[in-house]
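The next block holds one structure in the form of structure tokens; read it before the comments.
In what follows, chains are A, B, ... by sequence order, proteins preceding strands, each numbered from 1.
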Amino acid sequence: MSLESLIPMSSYAPSEIEPKWQAAWADAGTFASERDESKPKYYVLEMFPYPSGRLHIGHVRNYTMGDVVARYKMSTGHNVLHPMGWDAFGMPAENAAMATGGHPSDYTYNNIAEMKTQMKPLGWSLDWNREFATCDPAYYGQQQALFLDFLEKGLVYRKNAVVNWDPVDMTVLANEQVEDGKGWRSGAEVERRELTQWFFKISDHSEELLEALDGLDNWPAKVKLMQANWIGKSRGLQFSFSLIDGPSGHDRVEVYTTRPDTLLGASFVGISPDHPLAKQLEADNPDVAAFCADVRKGGTTEEALEKAEKRGFDTGLRVRHPFDTAAELPVYIANFILMDYGTGAIFGCPAHDQRDFDFATKYDLPIIPTFLPSEDASTEFTAAYVPMKSEKVYYCKGFAGDDWQTGDAAVDAAIAFCEENGVGHGVTKFRLRDWGLSRQRYWGCPIPVVHCDACGVVPEKKENLPIELPYDVSFDVPGNPLDRHPTWRDCACPSCGAAARRETDTMDTFVDSSWYFARFTAPGATTPTSAEDAAYWMNVDQYIGGIEHAILHLLYSRFFARAMHMTGHLPETAKEPFDALFTQGMVTHAIYTTKNPQDGRPVYHYPEEVELRDGKAFLKEAGTEVTVIPSAKMSKSKNNVVDPTRIVAEFGADTARWFVLSDSPPERDVEWTAAGAEAAHKHLGRVWRIASDIAEDTSSASDADEALLKEMHRAIRDVTGGIDSFGFNAAIAKLYAFTNALSKSKAGSAAKRTAAMTLAQLMAPMTPHLAEEIWALLGGQGLVIDAPWPQVDEAMLVDATVTLPIQVNGKRKAEIVVGADASKDEIEALALSQDAVQRMLDGGVPKKIIVVPGRIVNIVI
RNA sequence: GCCCCCGUGGUGGAAUGGUAGACACCGGAGACUUAAAAUCUCCUGACCUUUUGGUCGUGCCGGUUCGAGUCCGGCCGGGGGCACCA
């Protein structure tokens with residue numbers, strides 16, 4: 001035995017390979033992006049992270065998907081922009097400051113440094129030269145400049161809006177800080193309170209934001225549908241009920257309805273507790289005031305309002321029905337009517353609206369049907385009758401149009417009739433509300449305006465930007481530290497120079513994330529964007545992020561792009577900033593739990609404490625059986641968070657990257673399993689071994705060469721198609737199949753080398769380090785990332801014969817192999833001659849034979 | 001409550017309306033090894049059947065079609081969003 005054979009054979013060692021190639025890319029400046037008019041540009045962007053300080057496996061999946069696209073586009077000759085930054089303002093930093101006494105700024109920048117350290121080893125093709133955090137004064141100063149331009153253009157205004165008010169902590173709470181209508185710290189019952197706040201006029205753009213959805217061909221249909229429903233365009237009738245003996249200044253109640261065809265079924269009028277009439281009554285009547293105060297308890301979310309028990313207060317006031325003048329309807333203040341939508345007042349038709357039906361039942365109001373499923377009027381109503389508007393129904397109390405007509409037709413007819421008779425007019429309304437951007441918090445972008453006793457609200461001068469957050473603040477008491485800072489609020493009025501006060505509200509963090517994609521095109525510009533860079537790099541060709549952002553972030557960004565165009569910061573072509581959108585699923589992980597024997601409460605165990613035997617899970621130390629909750633969202637408190645840093649240390653970045661892409665379709669959730677990660681690692685080791693063997697192979701050409709090369713071209717076709725269509729899991733399945741074919745092939749060394757180098761190229765977007773290593777091992781020129789993407793030779797995809805399944809009455813009975821150019825008659829004859837078919841026919845004649853060329857034959861008997 | 005999505009073997013999943021279960025995990029058998037690990041080969045939806053083969057099968061119920069996991073209607077279950085979490 002020679003000494004050499006005692007030395008263990010070298011093996012796949014990601015800890016050596018990965019830093020080496022990362023250094024090689026850095027040395028070559030591979031990912032630094034600059035304008036280059038000679039190449040087509042490609043801008044790929046993943047939603048930037050909140051710097052929590054810990055990289056999450058979900059981030060790994062998100063950024064690896066973007067990385068696959070970026071690297072693939074680099075290989076197809078594109079000048080790729082793939083930047084990274086930090087969505088760095090927000091509540092967690094303030095909460096941390098309150099909990100630990102630190103400063104939000106220190107907390108945030110430490111987290112950024114920490115997370116960046118964890119991100120680097122993953123080998124993502126990011127251009128770190130363009131990095132910024134939204135809490136950098138250089139960034140938010142430009143955001144303040146945008147705000148001032150929007151203000152000047154009339155895109156921003158002030159009005160009153162309700163917030164969650166914690167009466168004990170004397171502070172405004174976020175929705176997530178309200179639990180069951182109570183403040184999360186104080187436990188006090190939250191009240192809805194009005195404050196004057198800043199708003200973006202997004203509702204002016206409702207129609208356009210809705211219509212432009214049609215042009216977003218590369219957005220998921222579900223996201224467009226959700227946005228369309230959110231914008232909520234509706235056509236209806238707006239008209240007034242005249243008020244009988246109303247308080248002074250109130251002689252009518254203006255209502256909006258999308259179902260004017262049910263007007264003769266009205267049995268009450270409901271107004272929002274925030275309606276001017278309700279406020280007037282509240283001031284005069286202690287009972288009304290008590291009811292309104294009670295209704296204002298609890299949070300402000302639509303969910304809370306909708307789920308709350310439907311309650312009303314009979315004001316004693318009556319209105320006259322516009323058509324049935326004998327009828328008087330009671331006016332209720334009702335807790336389920338929103339002041340923000342329509343006119344803040346409705347009429348209730350209990351027969352055709354379940355909510356109104358419940359309300360009428362509760363307060364003993366009449367239920368008057370206006371249409372029925374048949375002309376038989378004797379049916380008793382136990383629930384509201386709400387057919388599809390496209391369904392024809394019989395109008396027993398119609399006042400316009402035919403007796404039998406669809407709801408849609410009846411609405412149109414009713415609006416026309418009402419307009420002719422001077423009862424209101426048809427109007428189009430949108431559900432979309434203006435975007436309230438004021439936050440009564442420290443850790444956000446200061447709103448650059450000044451309050452002057454003489455001049456009112458005055459915009460800050462641009463040369464004074466950025467209005468920086470003061471560092472010397474404390475978080476020992478609840479509330480906004482800017483409000484109680486001794487000097488920061490004090491300033492001179494930009495208009496008259498008199499002593500004035502700064503606005504202490506900061507901006508919603510959605511503002512920060514509504515234009516960062518534009519800033520990445522010129523992160524150092526002394527204006528929000530640079531015209532040349534924006535023109536070259538915009539739009540984002542591929543945007544990737546979580547489905548949880550389907551509505552708000554994406555809608556706000558679409559609005560911002562329009563507003564930035566109106567103020568000269570983006571070209572017209574960038575009004576829809578994201579050409580293609582992909583929404584990826586979460587990474588989940590099983591939760592392992594046992595019950596505490598004392599109190600029966602769940603105890604959560606780390607995956608490392610658990611071992612699996614016979615399909616069951618047990619605690620390693622105690623041997624106790626553990627309950628497994630599969631596919632749960634990762635949560636620190638449930639001890640089921642997978643730490644990418646540990647995975648990279650154990651298996652390498654390529655394994656982590658390969659696994660998060662391999663098992664599930666990218667738009668769906670993927671469950672992280674230790675077994676899956678190990679399997680991915682084994683496979684990469686196998687690829688490495690196969691390539692190493694091929695590097696030393698010297699066999700001559702064989703008749704297996706062509707089969708291998710045909711397999712290779714099929715792999716090129718399928719992997720390329722998989723990446724193009726975000727079918728990463730399917731692409732990886734093809735790579736497994738191709739690797740199996742390569743491993744079993746008896747082809748000569750030249751063909752195998754070609755196949756293995758192509759395999760390296762096809763794997764490079766997913767496992768770039770291993771791909772570079774194999775490429776170098778097999779004598780590839782330069783870096784694999786610089787090599788042009790392999791091309792399919794169509795001639796290599798053609799097969800001489802094709803296998804067709806034969807069905808009888810839609811069930812597969814046999815299979816035939818025919819020439820690729822076989823005629824229909826030949827195929828029919830061969831299909832009929834099959835034993836199984838003859839048996840089924842039993843001497844009879846088929847009724848019909850369907851031949852789908854290249855696909856299937858179906859014989860109907 | 002409202003809007004949107006998803007549901008396929010023991011598991012993750014594949015499948016332009018055209019052979020359901022590709023590819024992988026787990027499990028089983030074998031090869032190699034003194035042994036183990038690693039690696040390699042084969043098997044692996046359920047039920048019936050000696051082989052051959054047959055029947056059932058994509059959450060549930062119904063429909064369209066020569067043909068449905070895929071399209072339509074209704075239900076059940078899970079997830080996302082609901083405007084101050086990011």
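- Closest approach of A/G85 and A/P49 over heavy atoms only: O-CD, 3.2 Å.
- Within the nucleic acid shown, A/K847 has no heavy atom closer than 4.0 Å to any nucleic acid atom.
- One finds a side-chain N or O of A/K813 lying less than 4.0 angstrom from the OP1 or OP2 phosphate oxygen of B/U55.
- Taking for each of A/K307 and A/F89 the nucleotide of RNA chain B with the nearest heavy atom, the 5'-most of the two is the partner of A/K307.
- Of all heavy-atom pairs spanning A/Y63 and A/M84, the tightest one is CE2-CE, 3.5 Å.
- Counting to the nearest Å, the P atom of B/G80 and the CG atom of A/L554 are 18 Å from each other.
- Side chain of A/T803 to main chain of A/V817: no donor-acceptor pair is present (N/O by atom type, distance under 3.5 Å, no hydrogens or angles).
- Note on A/G676: nothing from the nucleic acid sits closer than 4.0 angstrom, heavy atoms only.
- Nearest nucleotide to the side chain of A/R855, out of B/G13, B/G18, B/C4: B/G18.
- OP1 and OP2 of B/G54 both lie 4.0 Å or more from every side-chain N or O belonging to A/R812.
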- request: Show the numbers, then the answer: is there a side-chain contact (heavy atoms from CB on, under 4.5 Å) between A/Q227 and A/R558?
  value: CA-CA 11 Å; A/Q227 291 216 353; A/R558 295 177 62 220; 2.8 Å; yes

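- When heavy atoms are screened at a 4.0 angstrom cut-off, A/I850 is found touching base atoms of the nucleic acid.
- Between the CD atom of A/Q584 and the P atom of B/G80 there is a distance of 14 Å, rounded to whole Å.
- Comparing A/Y50 and A/T803, the nucleotide of RNA chain B nearest to each residue sits closer to the 5' end for A/T803.
- Between A/R439 and B/C84 there is a side-chain polar atom (N or O) within less than 4.0 angstrom of OP1 or OP2.
- One finds no side-chain N or O of A/N809 lying less than 4.0 angstrom from the OP1 or OP2 phosphate oxygen of B/G67.
- Residue-level contact check: A/V172 touches the bases, meaning some heavy atom is under 4.0 Å from a base atom.
- Look at A/R431 and you won't find any side-chain N or O under 4.0 angstrom from OP1 or OP2 of B/C3.
- For the pair A/N858 (side chain) and A/G810 (backbone), a donor-acceptor distance under 3.5 Å is present.
- Judged by atom type and distance alone, A/N229 does not reach the base of B/C3 through any side-chain donor-acceptor pair under 3.5 Å.
- The side chain of A/S662 contributes no N or O atom lying less than 4.0 Å from OP1 or OP2 of B/A24.
- Within the nucleic acid shown, A/E678 has no heavy atom closer than 4.0 Å to any nucleic acid atom.
- Nucleic acid contact for A/D87: sugar-phosphate only, since backbone atoms but no base atoms lie under 4.0 Å from a heavy atom of the residue.
- In terms of heavy atoms, A/F430 sits closest to A/Y341 at O-CE1, 3.7 Å.
- Applying the 90° cutoff around 0 to the glycosidic angle, B/G80 is assigned anti.
- Nucleic acid contact class of A/L432 (heavy atoms, under 4.0 Å, all strands): base.
- When distances run from any side-chain atom of A/V860 to the nucleotides B/C84, B/C4, B/C66, the shortest one goes to B/C66.
- At least one side-chain nitrogen or oxygen of A/N729 sits closer than 4.0 Å to the OP1 or OP2 atom of B/A14.
- Distance NE2 (A/H683) to C1' (B/A38): 17 Å, rounded to an integer number of Å.
- Among the protein residues, A/S513 comes within range of no part of the nucleic acid, since none of its heavy atoms lies under 4.0 Å from any strand.
- Listed for the A/R439 side chain is no donor-acceptor partner under 3.5 Å among the backbone atoms of A/C445.
- Taking a pair to require two hydrogen-bonding distances under 3.5 Å in either a Watson-Crick or a G-U wobble arrangement, B/U52 remains unpaired.
- With hydrogens and angles ignored, a donor-acceptor pair under 3.5 angstrom links the side chain of A/Q197 to the base of B/C84.
- Within the 4.0 angstrom heavy-atom criterion, no nucleotide atom of any strand lies near A/R355.
- Side chain A/E303 to base B/C82: a donor-acceptor pair is found below 3.5 Å.
- Separating the CG atom of A/N95 from the P atom of B/C85 is a distance of 12 Å, rounded to the nearest angstrom.
- Closest approach to the A/Q807 side chain among B/A20, B/G13, B/A86 is made by B/A20 (side chain taken as heavy atoms from C-beta onward).
- Checked against B/G1, B/A86, B/C84, the side chain of A/V163 finds its nearest nucleotide in B/C84.
- If you take CG of A/D353 and C1' of B/C2, they are 12 Å apart, rounded to a whole angstrom.
- The shortest distance between the side-chain N/O atoms of A/N740 and the OP1/OP2 oxygens of B/A24 is below 4.0 Å.
- Note on A/G685: nothing from the nucleic acid sits closer than 4.0 angstrom, heavy atoms only.
- Using a 4.0 Å heavy-atom criterion, one finds that A/W230 contacts the bases of the nucleic acid, with or without backbone contacts as well.
- Spacing between atom NZ of A/K811 and atom P of B/A68 amounts to 9 Å, rounded to whole angstrom units.
- With A/F89 as the partner, the side-chain contact (heavy atoms from CB on, under 4.5 Å) test is satisfied by one option alone out of A/T108, A/T506, A/T134: A/T134.
- Judged by Watson-Crick or G-U wobble contacts below 3.5 Å, the nucleotide B/A35 has no partner.
- A/E711 has no carboxylate O lying under 4.0 Å from a charged side-chain N of A/K744, or vice versa, which leaves the two without a salt bridge.
- Contact annotation for A/K744: backbone-only contact, meaning every heavy-atom pair under 4.0 Å involves sugar-phosphate atoms and none involves a base.
- Closest contact between the side chain of A/A679 and the listed nucleotides B/A86, B/C25, B/G80 involves B/C25.
- Nucleotide B/C85: unpaired (no Watson-Crick or G-U wobble partner with both distances less than 3.5 Å).
- The partner of B/C71 is B/G63, by the rule that a Watson-Crick or G-U pair needs both atom distances under 3.5 Å.
- In this structure, A/F336 reaches neither bases nor backbone, as no heavy-atom distance under 4.0 Å exists between it and the strands shown.
- Within the 4.5 Å cutoff, the side chain of A/I690 has no heavy atoms near those of the A/L759 side chain.
- Side-chain atoms of A/R668 lie closest to B/A14 of the nucleotides B/A14, B/U41, B/A83.
- Nearest nucleotide to the side chain of A/Y736, out of B/U19, B/A24, B/A86: B/A24.
- Considering only side-chain atoms of A/P665, the nucleotide from B/G80, B/A14, B/U39 that sits closest is B/A14.
- Base engagement by A/Q440 is indicated by at least one non-hydrogen atom pair under 4.0 Å involving a base atom.
- The base of B/C84 does not come close enough to the side chain of A/E176 for any donor and acceptor atom to sit less than 3.5 Å apart.
- Remark: B/G7 base-pairs with B/C76. Criterion, Watson-Crick or G-U wobble with two distances under 3.5 Å.
- Atom CD1 in A/I690 sits about 12 Å away from atom C1' in B/U39, given to the nearest Å.
- Taking 4.0 angstrom as the limit, A/T509 places a side-chain polar atom (N or O) nearer than this to OP1 or OP2 of B/A86.
- Taking atom CG on A/N858 and atom P on B/G18, their separation rounds to 13 Å, with Å as the unit.
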